[in-house]
Amino acid sequence: MKPTNYFRHIIPLLWIVLAVPVFADIDQSRLDAVTTDLQTRIDAGKLSGAVVLMAQNGETVLNKALGYKIVEDQEPMQTDTIFRIFSMTKPVTGTALMMLWDEGRFQLDDPLEKHLPELAGMQVAVSQNEDGSWETEAPEHPMTVRELMSHTGGLLYIPPISQGPVAEAYLSAGIMDLTGKTLSESIPALKDIPLGYQPGTKWVYSISVDVQGYMIERLSGMSFGNFLQQRLFDPLGMMDTGFYVKPENAHRLAGQYAPNEDGTLQRTDQQAGIAGGFDFLSPPAFESGGGGLTSTAADYMKFLQMLLNQGEYNGERLLSEEAIAHMRSNQLPESVSGIGMLYPGNVFGLDFAIVENSDAHQGASKGTYWWWGIAGTWFWIDPMQDIAFIGLIQNDDIMYSVETHIASRLAIYQ
């Protein structure tokens, strides 16, 4: 085995041996500070409502619903309210793919084209001509599965998250069009769209997790949604999680809002915007591994608790400890030091951000792994303090959501 490959395999295992938790109970005043901050934001007309759930040492220490599920009807938020979790779908998809890694279906350093041969030979964009054709160069190496799962493989996102001709080409190809083409109908179109940069040279948030969903279909022989249901949601008892809300539960789906300057809120989930005009009340054509799930705090906590329990839940092992160690270990190339100005002090694993510098992330323990969704939902897993935290909101002001996340970490850790 090459030395570099040796260290890639041994370092994640050291997490299991050396990362011995040091538990310290979170004082009630800190939990109260979380809910007080959220209530203040709701009272100021910045947020419609929130559900916040936190467990430590496997016990629930905070479970509150605040504000309104539907503001205009004065419907109170409930702890079982269903939310569009958008990019909190990504860790679920990565976990599902690593279940297939456990079965030996792929290796992390395999070229992606080994498992998705329809994407073989992808080139790297240099420029686009006026007639829409591309000037390209050859990749220095084919994108690997590890790069796919760490947003370093050369893929970009659709607008507005990514800009430029490559991102626009994804949009034209129907990538992430929930009501358009299925995964198998749209992902193969990526072969005709060049990569945005040389694999392994940058961290760029991307559509790669939707490609992971397609890879799960190819490796398992099942639809992505069925795989998630049978292998994750049913074993974990995540009865309210899926790519759409069942008719009998439609009344539990929260409204989504944008704050106005005058302290009022504008309903946005029934319009184009973050939700894209999709109502999440009917099955989508495109089962988006990058952002398509709806869920509740209680459901998502079961998923987080399984990860915090090193892959076990209620005595059943769903994922190996080694798989989780890979997911929460830095997978960035040595030349990539972090994941951008929005996430200081963080590196990236397999579909999770990872706290590298505690001071830069409001005191959260080093090794905490986490992510969030574009409508404001957020979570973190802190193995050092045995904490799983979930905050659920439906808010279109992205930077205000980030501010809200920071406030919750400050309340818990400082």
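No hydrogens, no waters, no symmetry mates; every other heavy atom, side chains included, goes into these values.
A donor-acceptor pair under 3.5 Å is absent between the side-chain atoms of H141 and the main chain of Q198, judged by distance alone. Of the possible polar contacts, none joining the E312 side chain to the E316 backbone as a donor-acceptor pair under 3.5 Å is found. Remark: the backbone N or O of S206 is paired with a side-chain donor or acceptor of H151 at under 3.5 angstrom. The closest donor-acceptor contact from the side chain of D279 to the backbone of L281 lies under 3.5 Å. Although no hydrogens or angles enter the test, the distance criterion places a donor-acceptor pair under 3.5 Å between the side chain of T89 and the main chain of L293. Here the side chain of E185 pairs a donor or acceptor atom with the backbone of T182 at under 3.5 angstrom. Checked by atom type and distance alone, the side chain of E287 pairs as donor or acceptor with a backbone atom of G225 at under 3.5 Å. Using a distance-only test at 3.5 Å, with no hydrogens or angles considered, a donor-acceptor pair links the side chain of Y170 to the main chain of L156. S162 places no side-chain N or O within donor-acceptor distance of the main-chain N or O of I158, the cut-off being under 3.5 Å. Checked by atom type and distance alone, the side chain of K302 pairs as donor or acceptor with a backbone atom of G237 at under 3.5 Å.
Taking every heavy atom of both residues into account, A65 and M77 meet most closely at CB-O, 3.5 Å. Between P194 and T136 the shortest heavy-atom distance is CB-CG2, 4.0 Å. Between A360 and G345 the shortest heavy-atom distance is CB-CA, 3.8 Å. Closest approach of P111 to P142, counting heavy atoms only: CB-CB, 4.2 Å. In terms of heavy atoms, D102 sits closest to S320 at OD1-OG, 2.6 Å. The shortest heavy-atom contact between P259 and N395 is CD-OD1, 3.5 Å.
The number of heavy-atom neighbours closer than 6.0 Å to CD of E334, taken from other residues, nucleotides and ligands shown, is 12 or below. More than 12 heavy atoms of other residues, nucleotides or ligands lie within 6.0 Å of CD in Q414, so this atom counts as buried by the packing criterion.
Atoms OG1 and CD, on T368 and Q385 in that order, are 8.5 Å from each other to the nearest 0.5 Å. The line from CG of L116 to CD of E217 is 10.5 Å long, rounded to the nearest 0.5 Å. For the atom pair OG1 of T93 and CG of L350, the computed distance is 13.0 Å after rounding to the nearest 0.5 Å. Taken from CD in E75 to CD1 in I70, the straight-line distance is 5.5 Å, to the nearest 0.5 Å. H326 NE2 to Q331 CD: the interatomic distance, rounded to the nearest 0.5 Å, is 7.0 Å. In this structure, the separation between CG on D359 and OH on Y413 is 13.5 Å, given to the nearest 0.5 Å.
For W371 and F86, the ring centers sit 6.0 Å or farther from each other. In this structure, F243 has its ring center under 6.0 Å from that of F224. Ring pair F280/Y244: centre-to-centre distance not below 6.0 Å.
Residues V347 and W203 are not in side-chain contact: their nearest non-hydrogen atoms beyond the backbone lie 4.5 Å or more apart. In this structure, D269 and Q394 have side chains that are not in contact, with every pair of non-hydrogen atoms separated by 4.5 Å or more. At a threshold of 4.5 Å between non-hydrogen side-chain atoms, the residues T152 and L332 count as touching. Two residues are said to be in side-chain contact when any heavy atoms from C-beta on lie closer than 4.5 Å; L319 and L307 meet this criterion. Side-chain contact between L38 and V52: present, with at least one pair of heavy atoms (C-beta onward) separated by less than 4.5 Å. Residues F286 and M176 form a side-chain contact, since some pair of their non-hydrogen atoms from C-beta on lies under 4.5 Å apart. Counting heavy atoms from C-beta outward, V204 and Y197 have side chains that approach closer than 4.5 Å. Counting heavy atoms from C-beta on, the side chains of I412 and M54 come closer than 4.5 Å.
Under the 4.0 Å criterion applied to side-chain N and carboxylate O atoms, E147 and K202 are not assigned as salt-bridge partners. Here K246 does not pair with E248 in a salt bridge; the nearest charged N to carboxylate O distance is not below 4.0 Å. The pair R146-D109 meets the salt-bridge criterion, with a side-chain N (NZ, NE, NH1 or NH2) lying under 4.0 Å from an Asp/Glu carboxylate O.
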inquiry  = Is there a side-chain contact (heavy atoms from CB on, under 4.5 Å) between I381 and F389? Walk through the geometry before answering.
reply    = CA-CA 7 Å; I381 304 170; F389 179 102; over 6 Å; no
Steps toward side-chain hydrogen bond (donor to acceptor under 3.5 Å, both in side chains) verdict (N309, Q305) = CA-CA 6 Å; N309 293 346; Q305 197 65 60; 3.3 Å; yes
task = Assess whether side-chain hydrogen bond (donor to acceptor under 3.5 Å, both in side chains) is satisfied between W378 and S408, documenting all intermediate values.
result = CA-CA 10 Å; W378 77 107; S408 67; 3.0 Å; yes
key: Stepwise side-chain contact (heavy atoms from CB on, under 4.5 Å) check, V92 with Y300   = CA-CA 9 Å; V92 176; Y300 208 83; 3.9 Å; yes
Candidate pair D396 and Q266, rule side-chain hydrogen bond (donor to acceptor under 3.5 Å, both in side chains), full reasoning = CA-CA 10 Å; D396 279 18; Q266 177 184 353; over 6 Å; no
ask   = Please walk me through it: do E118 and R218 pass salt bridge (charged side-chain N to carboxylate O under 4.0 Å, His left out)?
value = CA-CA 11 Å; E118 56 268 54; R218 291 297 301 273; 2.5 Å; yes
request  = Could you please spell out the steps behind the salt bridge (charged side-chain N to carboxylate O under 4.0 Å, His left out) verdict for E103 and R231?
outcome  = CA-CA 13 Å; E103 296 175 3; R231 297 293 297 273; 2.8 Å; yes
query = Does the pair H361 and N346 meet the rule for a side-chain contact (heavy atoms from CB on, under 4.5 Å), with working shown?
reply = CA-CA 8 Å; H361 201 72; N346 282 268; 3.1 Å; yes
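When only modelled atom types and interatomic distance are considered, E135 and N129 share a side-chain donor-acceptor pair under 3.5 Å. In this model, no donor atom of one side chain and acceptor atom of the other lie less than 3.5 Å apart for Q56 and D382. Looking at Y400 and R41, their side chains do bring a donor and an acceptor atom within 3.5 Å of each other. Inspection of the D210 and S288 side chains reveals an N or O donor paired with an N or O acceptor under 3.5 Å. T296 and D240 share no donor-acceptor pair across their side chains, judged by distance under 3.5 Å alone. Between E72 and Y257, the side chains place a donor N or O and an acceptor N or O closer than 3.5 Å (distance only, hydrogens not considered). With no hydrogens or angles considered, no side-chain donor-acceptor pair links T35 and D37 at under 3.5 Å.
A cation-pi geometry, defined here as NZ or CZ lying under 6.0 Å from the six-membered ring centre and within 45° of its normal, does not hold between R84 and F278. Stacking of R409 on the aromatic ring of W370 is recorded, both the 6.0 Å distance cut-off and the 45° axial limit being met.
Y157 and Y205 have tilted rings, their planes meeting at an angle from 30° to 60° on a 0 to 90° scale.
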